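Comments concern the structure below.
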Amino acid sequence: MKPDFQDRLNIALVIIALAGLTLGLALWATGRADLADIVWTAGVIPVLAALVVEIMRSLFRGDVGLDIVAALSMTAALAFGETLAAAVVALMYSGGTFLETFAEQRARREMSDLLTRVPRTATRHDNGALTEVDLDAIVPGDLLLIRQGDVAPVDGTVEADGALLNQSALTGEAMPARLTRGGDVMSGATNAGDAFDLRATRRAADSTFAGIIRLVEAAQKSKAPMVRLADRYSLVFLFVTIAIATAAWALTGDPIRAVAVLVVATPCPLILAVPVALVAGMSRAAHYGVLIKGAGPLEAMARIRTLILDKTGTLTDGRPQIVAIDAERGVTQDDLLFHAAALDQASKHPVAQAIVAAARARGMSLPVPSDAVEMPGEGVTGLVAGRPVMVGGADFVIEQLRDQTGHICTPRHPSTSAIDVTVAVAVDDRLAGHIVMADMLRTGTDGFLDGLRRIGIARILLATGDRSEVAEGVTEGLALDAVHANMSPDQKVELVYRERRRGPVMMVGDGVNDAPALAAADVGVAMGARGTAASAEAADVVLLVDRLDRLLPGLEVARGARRIALESVLAGIGLSILGMIAAAFGYLSPVEGAILQEVIDVAVILNALRALRITPLSAPGPATGGNIHARA
C-alpha cells in the first residue's frame with residue numbers, strides 16, 4: 001500500500017467516523033434514537049473493516065499487534081447495542097492513527113527539510129561562459145558559481161577571497177560560517193553572502209549531502225527495539241485484557257462491563273508513544289548535526305557506558321597543520337611559507353596540501369610553479385617565479401643541496417616531538433628554513449571528555465593504529481582510561497568485544513580501518529564530514545559536521561528521548577489499568593471508558609512530542625572557526 005494512499009485512507013476514515021458520530025448525536029438529540037444507532041453503526045463499520053484488514057496483514061507477517069484489542073472493543077460494543085461507545089472508539093482510534101502520522105511528520109520535519117533542499121542543477125564555468133548543467137555532469141575539478149541564496153550542489157573548496165555559508169540545516173550552527181580561500185564547503189550549505197566560485201572535489205552522488213539523504217531515508221524506515229518489544233508481549237496484554245473483561249462479565253452477569261473494560265484497555269499509549277518519542281529524538285539530534293540511522297541506535301545510545309575513540313581524524317583533526325615556521329637568518333616566515341606553498345601546489349601529498357591551504361588562508365596569491373618534479377614520499381623540486389625551490393623531508397632537501405652545490409649542509413633543526421612532521425625548504429640552492437606541522441587535537445577535547453563523564457560514560461579509551469609514542473604524545477594529559485596503539489582493524493574489533501562484557505560500547509572512527517569495529521560495537525559513530533564511505537555505511541550514527549563535540553548533545557538527546565518514551569508508556573498504561581479496574585466494577589460506562597482512554601492517548605502522544613524540545617546542556621553555540629587545540 002503506497003504511503004500517499006494510506007494517508008488519504010486515514011483522513012477518509014477520520015471524516016467518516018466524525019460524520020457518523022456527529023450526525024448520530026444530532027438524531028439522538030431530536031428523539032430519533034433508532035436512526036442514531038444506524039448512523040453510528042455505519043460510521044463504525046468502515047473503520048472496523050480497515051482495522052481488521054490491517055490485523056490480518058499483521059498476522060500474515062507473523063505479528064500479533066495490540067490493535068486486536070481495539071477491534072474487539074468496537075465489535076463487542078456493536079454486538080451488545082452500545083453503538084455510541086463504538087462510534088467514539090472508532091473516531092478516537094482513526095483520529096489517533098491520524099495523530100500518530102501527523103506527530104511523526106512533525107518530528108521528522110527537520111530531516112525532511114534536508115530532502116527539499118536538494119539542488120537539481122548547478123552553474124558551471126565553461127570556457128569563459130556560465131552554463132546551467134545537471135548535477136550528474138559535474139566532475140571533480142569543475143569550477144562552479146554559487147550565487148547568493150544558492151545551495152552548494154557538491155562538496156568543494158572556496159575559490160575566492162572568502163565565503164559566508166549558512167550550514168544550519170547540516171550542523172545546527174545558528175550563525176553563518178565564514179570560510180577563507182581553500183576552505184572546505186559541504187554540499188547542502190546555503191550561500192549567505194556574496195557570490196563565489198566553488199571548486200568541485202567530489203561528484204554529486206559522492207558528496208556529503210547525497211550521503212546524508214541516503215542516511216535520512218534509512219533512518220525514516222527504522223523500527224525501534226522498544227516497539228518490537230511491545231509487539232512481542234502483545235499476546236500477554238491481550239490475554240490480561242480478555243481475562244479481566246471475562247471475569248467482570250462472569251462475576252456480575254453484565255456484558256456491558258466487559259465491553260467497558262475492552263474499550264478502556266485499548267493500548268494506544270504503548271502503540272503510539274514509543275515511536276513518536278524516539279522519532280522526535282532522532283529529529284532533535286539531527287538539529288545538532290547528529291544523524292541517527294534509526295530509533296534502535298537512538299535507544300542504544302541512551303545506555304552507553306564505554307566509549308572507544310579512534311585517533312587520526314576523530315580525536316585529532318586528521319589534517320596536518322602548521323605549528324611553527326622556523327626561518328633561517330635573512331628569510332622571513334612569510335617568504336618561507338610563500339615559496340613552499342607555491343611549489344607544493346604541484347603535489348597531492350596531504351602535508352603539501354596543508355601548506356598550500358595555510359598560505360591561501362593568509363591571503364597569499366600563489367604563482368604557478370614550473371619544472372616541478374616530485375619524488376613520491378620525499379619532496380618536490382621546481383621553479384617559483386624563476387627561482388629554484390626545494391620542499392620535502394630534511395634528508396631529501398640536504399641531499400638535493402649537496403647534489404646542486406657539492407657542499408654538505410648541516411642545518412640546525414627546530415625542536416620537534418614524536419607527533420610533529422618537519423618540512424625543510426630551500427630557495428636559491430640555500431636552506432631557507434623549516435615548517436613544523438602536526439595533527440592537532442580537536443578544539444574542546446578536554447571539555448568533551450569531561451562532558452562524557454558528566455552524563456555517565458564510565459570508560460573512555462583510545463584505539464589507534466599509530467605508534468605508541470605518537471598516541472601517548474597526542475593524548476598526554478587527557479582523562480583517558482587506556483590508550484591502545486599499533487592496533488590492526490581486527491584488534492580493534494577484539495577490543496570492542498572485550499569491552500562489551502562490561503556493558504554497551506560506542507565506537508567512534510572515520511577510516512576504512514575503523515569500519516569493522518564500528519559494526520561490532522553496540523553503537524558505531526562515523527565522522528561523516530570527511531570520513532570514508534565505508535565507516536559511514538558501517539556506523540549507526542553519523543556526525544554531519546566534522547566536530548567530535550557534537551556527539552555529546554546527541555547522547556543527551558538520546559537519553560532524554562528514551563526517558564520521555566518510558567514516562568509516556570508507564571503513565572499511559574498505568575492510567576489504562578486503573579480505568580479497566582473502574583470499568584470492571586461498574587464505575588465507567590463504555591462511552592465514558594472510550595472518552596477516558598482517548599484522552600489518555602492524546603496526553604501521552606503530546607508528552608512524547610516533548611522530545612522535540614530537548615535542549616542538551618552541551619548544546620553547541622555559533623561556529624568558532626579553527627580546529628587547533630591550544631595545548632597540542
Side-chain angles (χ1 to χ4, degrees), residues 6-7 9-22 25 40 43-44 47-48 50-51 54 65-67 69-71 73-74 77 84-109 224 226-227 230 237 241 260-281 283-284 560-561 563-583 588-614:
Q6 184 66 58
D7 290 342
L9 177 61
N10 289 340
I11 294 173
L13 292 176
V14 172
I15 293 174
I16 291 172
L18 178 61
L21 179 61
T22 304
L25 287 173
W40 284 330
V44 171
V47 177
L48 180 58
L51 179 56
E54 185 59 34
L66 294 170
D67 290 346
V69 177
S73 65
M74 281 187 272
L84 176 57
V88 172
V89 173
L91 175 61
M92 294 305 178
Y93 184 82
S94 59
T97 303
F98 175 77
L99 181 59
E100 177 188 13
T101 302
F102 172 79
E104 291 192 4
Q105 289 174 348
R106 168 70 174 85
R108 288 189 171 112
R109 185 179 63 186
M226 287 181 70
V227 179
F237 190 89
T241 300
V261 170
L262 290 174
V263 168
V264 177
T266 306
C268 288
L270 193 58
I271 297 173
L272 304 181
V274 173
V276 169
L278 297 186
V279 172
S283 175
R284 190 59 174 166
R563 183 183 65 253
I564 289 173
L566 290 173
E567 289 172 355
S568 298
V569 168
L570 293 176
I573 295 300
L575 292 173
S576 295
I577 291 175
L578 292 176
M580 290 167 62
I581 295 173
L588 288 175
S589 68
V591 174
E592 293 169 341
I595 295 174
L596 173 63
Q597 179 57 60
E598 302 314 326
V599 168
I600 294 172
D601 296 343
V602 172
V604 297
I605 290 174
L606 293 177
N607 182 68
L609 282 173
R610 289 194 300 117
L612 285 170
R613 301 193 302 274
I614 295 173

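The first residue of the sequence shown is numbered 1, and numbering continues consecutively from there. If you're wondering where the values come from, they're calculated on a predicted model, not measured in any experiment.
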Closest non-hydrogen atom pair, [X] against [Y]:
{"X": "Val47", "Y": "Ala90", "answer": "CG1-O, 3.9 Å"}
{"X": "Ala50", "Y": "Leu13", "answer": "CB-CD1, 3.7 Å"}
{"X": "Ser576", "Y": "Val264", "answer": "O-CG1, 3.5 Å"}
{"X": "Ala611", "Y": "Gly281", "answer": "CB-N, 4.0 Å"}
{"X": "Ala565", "Y": "Leu278", "answer": "CB-CD2, 4.4 Å"}
{"X": "Ala608", "Y": "Val276", "answer": "CB-CG1, 3.8 Å"}

Please list, chain by chain and in numerical order, all residues satisfying side chain to side chain contact (heavy atoms under 4.5 Å, CB included) with [X], sequence neighbours excluded.
{"X": "Ala87", "result": "Leu21, Trp40, Val44"}
{"X": "Leu596", "result": "Leu588, Ile600"}
{"X": "Arg610", "result": "Ile564, Glu567, Asn607, Arg613"}
{"X": "Ile15", "result": "Ile11"}

Exercise. Are any of the side-chain heavy atoms of Leu25 and Leu84 separated by less than 4.5 Å?
Worked result: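 Answer yes - side chains close enough.
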Exercise. Considering only heavy atoms from C-beta outward, does the side chain of Ile595 approach that of Val88 to under 4.5 Å?
Worked result: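 Heavy-atom side-chain distance check passes, below 4.5 Å.
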Exercise. For the side chain of Thr22 and the backbone of Ala19, is there at least one donor-acceptor N/O pair under 3.5 Å apart?
Worked result: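 No, because the side chain of Thr22 does not come within donor-acceptor range (under 3.5 Å) of the backbone of Ala19.
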Exercise. If you round to the nearest 0.5 Å, how far is OG of Ser94 from CG of Leu48?
Worked result: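 Reported value, rounded in 0.5 Å steps: 12.0 Å.
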